[in-house]
Amino acid sequence: MGINKEFRTVDLIIGSNAETLGIDAFALSLIKAERQIRKLFTFLAFQSPNFSSSDVLKLRETLTKNDRVYFEGFIDGINALSKRSIKDLIGDRYDHLQSRLEEAISYRNKIFHGQLTNKYLEREDLLALVADIREWCELLANTADASFGYDGFRRDSFKKSSMPDISTKLKAELADVDSYALFIQEHMQR
């Protein structure tokens, strides 16, 4: 799909005259970042030679049943699976962008629960967060695609990589669905 197509709806919102365009673009951008990191994790986990298309439903159900895995848990999961950490994949901008994502998540949690943030967020503040979220997603997408053959945005994350040497880029191999569930518990959940 690619980042430009993925963020097309965000761009449409930003280009609109909607009174709520800042918060709408912010919320949607954060959802896209969270989905990207989840899909990148499931893609990498599925690279185990022990998994095939017959395991997809069980893998999805296993992750669905675990309600203690959040954004940072998916990062931890990728870091435990891949020889290249998320920090390495994003590069020099990681520290700044990661702190901005953490800030955005804390604001979103307050906003979605009807609470006030400790900062009165203006439209410009929200759009600055949107720009940082998008940059994080773009850097991750480009490097992940080059490294693993998947950017986190294409629709089906439960597919095998077209890269012949993908197994050499991973440091953990999951033996079966039970080891997948244990991996999630040990490395990812709060």
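Since the model is a prediction, treat every value here as computed from it, not as a measurement.
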Donor-acceptor check, side chain of Asn79 to backbone of Ile86, threshold 3.5 angstrom: yes or no? yes
Report the C-alpha distance between Ile3 and Asp151 in whole Å, list the side-chain angles of each, state the deciding distance to 0.1 Å, and finish with yes or no for side-chain contact (heavy atoms from CB on, under 4.5 Å). CA-CA 9 Å; Ile3 189 154; Asp151 65 358; over 6 Å; no
Taking the side chain as every heavy atom from C-beta outward, state whether Leu63 and Ile184 have any atom pair closer than 4.5 Å. yes
Heavy-atom closest pair, residues Cys137 and Phe153: CB-CZ, 3.9 Å
In Å, rounded to the nearest 0.5 Å, how long is the span from NZ of Lys171 to OG of Ser85? 8.0 Å
Give every residue pair that meets the ring pair (Phe, Tyr, Trp, His ring centres under 6.0 Å) criterion with at least one member in residues 163-184, sequence neighbours excluded. Phe183-His187
Non-neighbouring partners of Thr42 that pass side chain to side chain donor-acceptor pair (under 3.5 Å), sequence neighbours left out: Ser157
Quick one, Arg154 and Lys159 - any side-chain contact, counting heavy atoms below 4.5 Å? yes
Sequence neighbours excluded and cut-off under 3.5 Å, please list the side-chain donor-acceptor pairs for residues 121-131, or say none.
residue: Arg123; atom: NH2; partner: Ala18; partner atom: O; Å: 3.4
residue: Arg123; atom: NH2; partner: Glu19; partner atom: O; Å: 2.9
residue: Asp125; atom: OD2; partner: Glu122; partner atom: N; Å: 2.9

Reported CG-to-CD1 distance for the pair Leu21 and Ile13, which is rounded to 0.5 angstrom: 8.5 Å
Residues forming a salt bridge (Lys or Arg N to Asp or Glu O under 4.0 Å) with Arg190, sequence neighbours excluded: Glu72
On the six-membered ring of Phe46, is Lys160 placed so that its NZ or CZ lies under 6.0 angstrom from the centre and within 45° of the ring axis? yes
Contact summary for Ser48 and Glu173, nearest pair of heavy atoms: OG-CG, 3.7 Å
Residue pairs involving residues 7-18 (criterion side-chain hydrogen bond (donor to acceptor under 3.5 Å, both in side chains); sequence neighbours excluded): Asp11-Arg134
Please report the shortest heavy-atom distance between Ala33 and Leu101, naming the atom on each side. CB-CD2, 4.3 Å
Contact check, side chains of Arg155 and Lys39, non-hydrogen atoms, under 4.5 Å: yes
Would you find a donor on one side and an acceptor on the other, under 3.5 Å apart, between the side chain of Asn50 and the backbone of Leu174? yes
Determine, step by step, whether Val177 and Leu59 satisfy the side-chain contact (heavy atoms from CB on, under 4.5 Å) criterion, reporting the C-alpha distance in whole Å, the side-chain angles of both residues, the deciding distance to 0.1 Å, and the verdict. CA-CA 6 Å; Val177 175; Leu59 292 169; 4.2 Å; yes
What do the steps show when you test Lys169 against Met163 for side-chain contact (heavy atoms from CB on, under 4.5 Å), and what is the final call? CA-CA 10 Å; Lys169 297 177 181 194; Met163 299 183 121; 3.9 Å; yes
Answer yes or no: is there a donor N or O on one side and an acceptor on the other, between the side chain of Ser82 and the main chain of Ile78, under 3.5 Å? no
Can you tell me how far apart CZ (Phe148) and CG (Leu81) are? Round to the nearest 0.5 Å. 9.0 Å
CD1 (Ile90) and CG (Leu97) are apart, to the nearest 0.5 Å, by 6.5 Å
Report the residues that fulfil ring pair (Phe, Tyr, Trp, His ring centres under 6.0 Å) with Phe7, sequence neighbours left out, ordered by chain and then residue number. none
Applying ring pair (Phe, Tyr, Trp, His ring centres under 6.0 Å), name anything that partners Phe71, two or more places apart in sequence or on another chain. Trp136
For Asp165, does the CG atom sit with more than 12 other heavy atoms under 6.0 Å from it, leaving out its own atoms? yes
Closest non-hydrogen atom pair, Thr168 against Lys83: O-NZ, 2.8 Å
Indicate if Tyr107 and Tyr70 have the same hydrophobic cluster label, given that clusters are the connected sets of ILVMFWY residues with side-chain heavy-atom separations under 4.5 angstrom. no
Output the distance between atom CG (Asp24) and atom CG (Leu12), rounded to the nearest 0.5 Å. 12.5 Å
According to the salt bridge (charged side-chain N to carboxylate O under 4.0 Å, His left out) rule, which pairs have a member within residues 43-63, sequence neighbours left out? none
Please give me the minimum heavy-atom distance between Asp132 and Arg93, naming the atom from each residue. OD1-NH2, 4.3 Å
With side chains defined as the heavy atoms from C-beta onward, is the minimum distance between Ile133 and Leu30 less than 4.5 Å? yes
Within residues 78-101 or reaching into it, pairs that qualify as ring pair (Phe, Tyr, Trp, His ring centres under 6.0 Å) - sequence neighbours excluded: none
What residues, two or more places apart in sequence or in another chain, satisfy salt bridge (Lys or Arg N to Asp or Glu O under 4.0 Å) together with Lys87? Asp95
Please name the pair of heavy atoms, one in Ser147 and one in Arg84, separated by the smallest distance, quoted to 0.1 Å. OG-NH1, 2.7 Å
One should read off an interatomic distance between Leu140 CG and Asp145 CG, to the nearest 0.5 angstrom, of 10.5 Å
Residues in side chain to side chain donor-acceptor pair (under 3.5 Å) contact with Arg38, at least two apart in sequence or another chain: none
Determine whether Asp88 and Thr143 make a side-chain contact, defined as any pair of heavy atoms from C-beta on separated by less than 4.5 Å. no
If a pair satisfies ring pair (Phe, Tyr, Trp, His ring centres under 6.0 Å) and one of its residues is in residues 23-45, list it, with sequence neighbours excluded. Phe41-Phe74, Phe43-Tyr150
